[in-house]
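For reference, the structure is listed below as structure tokens.
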Amino acid sequence: MDRRTTLKWMFAAAATVPALRVHGYTAEPLARDVAANQAGYGTDPKLMQEWKPGGPWPLTLGVQARLTTAALCDLIIPADDVSPAASSVGVVDFIDEWISAPYPQQRGDREIILPGLEWLGTESQQRFGKAFVALDEQQKSAIADDICAPARAKPEFARAAKFFSRFRDLTAGGFYTTPVGMKDIGYTGNVPLDKFDGPPIEALKKAGLA
Amino acid sequence: MPFITSADADKNTYDVIVVGSGAGGGQTAYTLTMDGARVLMLEAGRRYDPASETPMMQNNSEAPLRGSGSPEKPFGFWDATIDGGWNVPGEPYTSASDDPARQFQWWRARMLGGRTNHWGRISLRNGIYDFKPHTRDGLGFDWPMDYADLAPYYDKVEMLIGVYGGDDDMENTPRSPNGVLLPPPKPRVSDLLVKQRAARVGVPVIPMHRAVMTTRLDHNRLPKLLHPGNEKAQAILAADMQKRSACIWATPCGRGCSIRANYQSTTVHLPPALDTGNLDIVTDAMVRAVTTRKDGKAEGVIYIDRKTGAEHRVKARVVVLAASALESVRILLNSGIANSSGKVGKYIMDTVGAGIGGQIPLLENMPLHNEDGADFGHMYTPWWLYKEQLAGKLGFARGYHFEFGGGRRMPDMGTASGLEWLNGGTYGRKFKQDARRYFGSFVYFSGRGEMIPNEDSYAELDPKVKDRFGIPVLRFHWKWSPHELGQAAHMQKAAAEIIEAMGGKTSSQPQPGEKAIKQGGVIIHEVGGAMMGNDPKKSVTNSYGQCWDVKNLFITDGATLCSNADKNPTLTIMALAWRASDHMLGLMKKKEL
């Protein structure tokens with residue numbers, strides 16, 4: 001069989017066995033299923049205990065999918081001179097937690113993210129003959145440039161662009177909520193103060209208020 | 001032994017049973033016990049201790065899903081609400097219509113203190129017009145009282161719970177007497193920019209009133225004013241006030257407050273009430289019905305222990321329902337009493353809600369500073385178009401106010417998300433730069449308007465459906481009138497004008513009212529259903545929440561409200577509850593109850 005026929009066959013097989021989604025050329029499942037009866041954290045979770053991804057419900061992404069997730073996170077939020085890359089502060093665990101959650105919104109996102117990761121694997125193979133994680137920055141960017149702007153994306157990339165938007169939002173939320181991300185973006189609150197002084201004069205001047 | 005078991009409650013005797021522990025129940029129990037009455041409080045939810053259960057200072061990366069809301073915690077993981085939301089497992093309600101526009105969403109919390117633990121703490125007084133709306137425009141109902149009747153109780157509640165606010169005195173937006181309010185927090189940059197630019201389109205902006213302590217309460221002065229001649233009450237309150245800290249300007253108020261810097265029934269009303277020794281509380285006690293004696297007076301209540309399913313009966317001289325407006329309505333309907341007027345369940349109301357947001361280039365790349373402040377609004381816009389409305393220029397009756405917010409607030413899943421409408425869609429270093437640039441440059445305006453009670457919005461018992469305790473549930477009927485829809489459209493349009501006057505652009509276009517308005521119940525300002533009035537044929541209670549048909553049965557939650565002014569109802573509920581409790585005490589002393 002040639003490459004295209006193999007792919008077609010594997011996708012057809014995957015479509016009938018949801019748990020056996022293929023990831024690029026590997027037969028490893030992209031992710032384990034979320035159990036239909038998977039419970040959430042409940043209506044009275046203990047707020048004062050420590051919560052970590054994998055605690056309230058099992059993570060489900062497979063090894064390859066986590067690597068792809070890490071590579072894409074870091075393409076969206078790479079290290080720069082202000083802060084490190086997204087994957088270094090737990091964003092992969094967070095995205096895994098999110099798409100493994102039993103709630104309707106997250107189950108909906110799972111139906112965007114998993115096919116998107118699958119698309120990314122296939123697209124990388126078709127364009128460059130390698131898995132997404134093995135691409136160099138230029139090659140990754142070549143794909144990202146086609147899907148990063150939903151309004152500009154060509155019709156054949158419309159679904160992938162929708163995936164990219166959602167993935168970017170999850171990456172951003174995952175990153176900027178961490179102490180590292182909060183510092184990067186300029187959030188200096190969440191510290192107890194004796195008094196609240198309001199804005200400094202420089203801020204008022206900048207807004208034309210002083 | 002203030003928190004007691006059902007078995008103990010069965011043995012004891014009480015002057016008053018109070019059903020519910022939120023704003024109405026908390027205030028009622030406070031006022032009664034401070035004056036010596038023996039009170040049994042029944043709460044359907046579990047015991048809750050803010051001191052040990054409030055997540056202070058945790059950031060969102062420490063929560064599942066970065067703290068986002070879920071069906072199990074609709075307002076986010078850290079939100080104080082326990083076993084609550086628009087859906088409570090095992091406790092359904094139904095809608096008479098399949099049309100979402102004709103449905104009512106009912107928010108409940110099953111915890112000590114109820115919804116007061118998570119609410120927004122916005123504490124606005126009704127104004128003079130708000131008590132006589134029918135006289136003013138021929139719609140809805142007048143209250144059986146004037147502003148002057150309730151004003152002293154607004155003063156008392158504000159002094160007790162601690163409310164910040166300004167001294168503005170605007171049309172139908174009363175100021176509080178000197179020495180009652182705490183100073184408002186300093187405005188944020190976005191507040192001042194809204195104020196400057198809104199003025200250009202004729203919209204006023206003044207300090208918000210919220211139940212958050214910007215300074216500590218004066219424990220020497222206030223207890224004497226609140227409890228004149230009652231030295232024991234003064235001493236208890238003075239001691240308790242010293243245990244409350246002022247705001248530390250961190251941690252969202254919706255989580256509750258372990259240092260008791262804002263109002264929740266569990267941190268303000270219940271501790272001193274318990275200290276009197278006159279209050280017993282049974283939690284997990286789901287009241288089914290009020291029982292009556294042969295003479296038609298209330299005897300007590302039947303409740304179900306949520307944990308064991310066992311049914312209990314308790315008795316008292318007086319029964320007070322403060323279970324939340326619609327839960328009290330449900331209890332009355334299931335009891336089959338106090339309804340000779342046929343008005344129980346009628347005229348239920350929520351607040352009209354619509355909003356719009358925008359991005360303001362002037363607020364980009366602000367010099368770094370901490371903008372947490374007192375969490376929610378430091379300033380707001382009271383309704384300002386009374387004259388235009390009176391002249392018939394608006395096409396709808398009654399007003400709304402704007403709550404608005406902006407600035408660099410604790411990042412959550414909304415942070416740096418959905419930026420495509422501003423930057424097209426970027427990634428990499430450019431995305432990180434965009435995230436920094438836009439963070440804190442957004443403003444959002446939430447309009448909150450007055451719904452006029454109507455014949456098509458009411459609750460009744462569902463003829464078939466019961467909850468897991470076997471108690472018949474409520475079935476809702478709902479309909480907005482053109483007044484509410486007109487308000488909702490006006491809210492979005494007016495907010496868009498302010499955003500444009502700030503040099504910004506809105507993230508969506510203003511919509512017609514039917515599209516702009518939030519579904520009934522979504523603002524969680526349920527009131528009405530057992531309206532007070534002067535005429536026993538047309539109302540359920542008198543102005544003290546005393547049922548016309550059952551003299552020793554009172555209602556002190558939002559059910560008795562005759563209108564739902566744009567002012568958030570909680571402060572009014574507390575003021576009414578204090579007034580009703582004073583009346584109750586007077587009648588008990590005269591042996592008339």
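In the text below, chain A, chain B and the rest are named by the order of the sequence lines, each starting its count at 1.
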Side chain to side chain contact (heavy atoms under 4.5 Å, CB included) with B:K505: which of B:L422, B:I360, B:I499? B:L422

When heavy-atom pairs shorter than 4.5 Å are enumerated against chain A, which of B:T81, B:I82, B:D83, B:T251 gives the highest number? B:D83

I need the single residue from B:H118, B:R115, B:R121 that forms a side-chain hydrogen bond (donor to acceptor under 3.5 Å, both in side chains) with B:Q264. Which is it? B:R121

Which one, B:M502, B:E364, B:Q58, B:R409, leads in non-hydrogen pairs under 4.5 Å with chain A? B:R409

Non-hydrogen atoms of chain A under 4.5 Å away: do they reach the side chain of B:N423, the backbone, both or neither? neither

Under a 4.5 Å heavy-atom cut-off, does chain A meet the side chain of B:R255, its backbone, both or neither? neither

If you count heavy-atom pairs under 4.5 Å between each of B:E371, B:M366, B:K195, B:M57 and chain A, which one has the most? B:M57

Does some side-chain heavy atom of B:F442 sit less than 4.5 Å from a side-chain heavy atom of B:S507? no

Tell me, side chain or backbone of A:I147 under 4.5 Å from chain B's heavy atoms, or both, or neither? neither

Check whether A:A101 gets within reach of chain B through its side chain, its backbone, both or neither, counting any heavy atom under 4.5 Å. side chain

Which bit of A:Q106 comes within less than 4.5 Å of chain B, counting heavy atoms only: side chain, backbone, both or neither? side chain

Under 6.0 Å from the CD atom of A:E156, do we count more than 12 heavy atoms belonging to anything else shown? yes

Under a 3.5 Å cutoff, is there a donor and acceptor pairing between the side chains of B:Q359 and B:S441? yes

Between A:K205 and A:E202, does at least one N-O distance fall below 4.0 Å, as a salt bridge requires? no

With a 4.5 angstrom heavy-atom cut-off, could you sort out which part of B:T215 is near chain A: side chain, backbone, both or neither? neither

Using non-hydrogen atoms only, which part of B:Q196 is less than 4.5 Å away from chain A: side chain, backbone, both, or neither? side chain

What part of A:P78 gets closer than 4.5 Å to chain B, counting heavy atoms only: side chain, backbone, both or neither? both

Which residue out of B:V88, B:L362, B:L419 racks up the most heavy-atom pairs below 4.5 Å with chain A? B:L362

Applying a strict 4.5 Å limit to non-hydrogen atoms, the region of B:E62 in contact with chain A is backbone

If you count heavy-atom pairs under 4.5 Å between each of A:T43, A:L75, A:T188, A:L204 and chain B, which one has the most? A:T43

Most contact-rich option vs chain B, by heavy-atom pairs under 4.5 angstrom, among A:R168, A:K46, A:R166, A:M182, is A:R168

Is the NZ atom of A:K206 crowded by more than 12 outside heavy atoms at less than 6.0 Å? yes

Chain B interface, residue from A:S165, A:P56, A:A151, A:G55 that has the most non-hydrogen pairs under 4.5 Å: A:S165

Any chance you could lay out the salt bridge (Lys or Arg N to Asp or Glu O under 4.0 Å) test for A:D93 and A:R66, step after step, and finish with the verdict? CA-CA 8 Å; A:D93 282 343; A:R66 284 179 63 90; 2.5 Å; yes

Quick one: of A:D194, A:L170, A:T171, A:V82, who has the most non-hydrogen atom pairs under 4.5 Å with chain B? A:V82

Other residues, nucleotides and ligands only: do more than 12 of their heavy atoms fall within 6.0 Å of CZ on B:R436? yes

I want to check a possible cation-pi pair here: B:R66 against A:F94, using under 6.0 Å from ring centre and within 45° of the ring axis as the test. yes

Can you confirm whether A:Q49 is buried at CD, in the sense that more than 12 heavy atoms of other residues, nucleotides or ligands lie under 6.0 Å from that atom? yes

Honestly, the part of B:S190 sitting under 4.5 Å from a heavy atom of chain A is neither

If you tally heavy-atom pairs under 4.5 Å between each of A:V191, A:D169, A:D145 and chain B, the highest tally belongs to A:D169

Identify which part of B:P187 has an atom lying under 4.5 Å from any heavy atom of chain A, answering side chain, backbone, both or neither. backbone

Can you measure from CD (B:E420) to CG (B:D434) and round to the nearest 0.5 angstrom? 11.0 Å

Counting only heavy atoms closer than 4.5 Å, note whether B:S68 contacts chain A via side chain, backbone, both or neither. both

Using the rule given for side chain to side chain donor-acceptor pair (under 3.5 Å), can you reason through A:Y103 versus A:D109, listing the C-alpha separation, both sets of side-chain angles and the distance that settles it, and then say yes or no? CA-CA 10 Å; A:Y103 304 117; A:D109 282 340; over 6 Å; no

CE (B:M213) and CZ (B:R244) are apart, to the nearest 0.5 Å, by 4.5 Å

For B:D375, is it the side chain, the backbone, both or neither that has a heavy atom under 4.5 Å from a heavy atom of chain A? neither

Residues, nucleotides or ligands: over 12 heavy atoms within 6.0 Å of B:K430 NZ: yes

With chain B, which of A:G198, A:A153, A:A207, A:P104 has the greatest number of heavy-atom pairs at distances under 4.5 Å? A:A207

If we ignore angles and hydrogens, is there a donor and acceptor under 3.5 Å between the side chains of B:T415 and A:Y187? no

Can you tell me which of B:P252, B:P367, B:G418 forms the most heavy-atom pairs within a distance under 4.5 Å of chain A? B:P367

Output field: ring centroids A:F164/A:W119 closer than 6.0 Å: no

Can you confirm whether A:P179 sits close enough to B:S61 that some side-chain heavy atom of one is under 4.5 Å from a side-chain heavy atom of the other? yes

Among residues 83-90 of chain A, those lying within the under-4.5 Å heavy-atom range of chain B are A:S83, A:P84, A:V89, A:G90

Taking the six-membered ring for Trp and the single ring otherwise, decide whether the centroids of A:Y176 and B:F439 are under 6.0 Å apart. no

Does any backbone or side-chain atom of A:D184 lie under 4.5 Å from a heavy atom of chain B? Answer side chain, backbone, both or neither. both

Checking A:P53 against chain B: side chain, backbone, both or neither under 4.5 Å from a heavy atom? neither

Between the CG atom in A:L30 and the OG1 atom in A:T69, the distance rounded to the nearest 0.5 Å is 8.0 Å

Quick one: what part of B:Y438 sits under 4.5 Å from any heavy atom of chain A, side chain, backbone, both or neither? neither

Most contacts with chain A, counted as non-hydrogen pairs under 4.5 angstrom, among B:D191, B:L363, B:T214, B:N365: B:N365

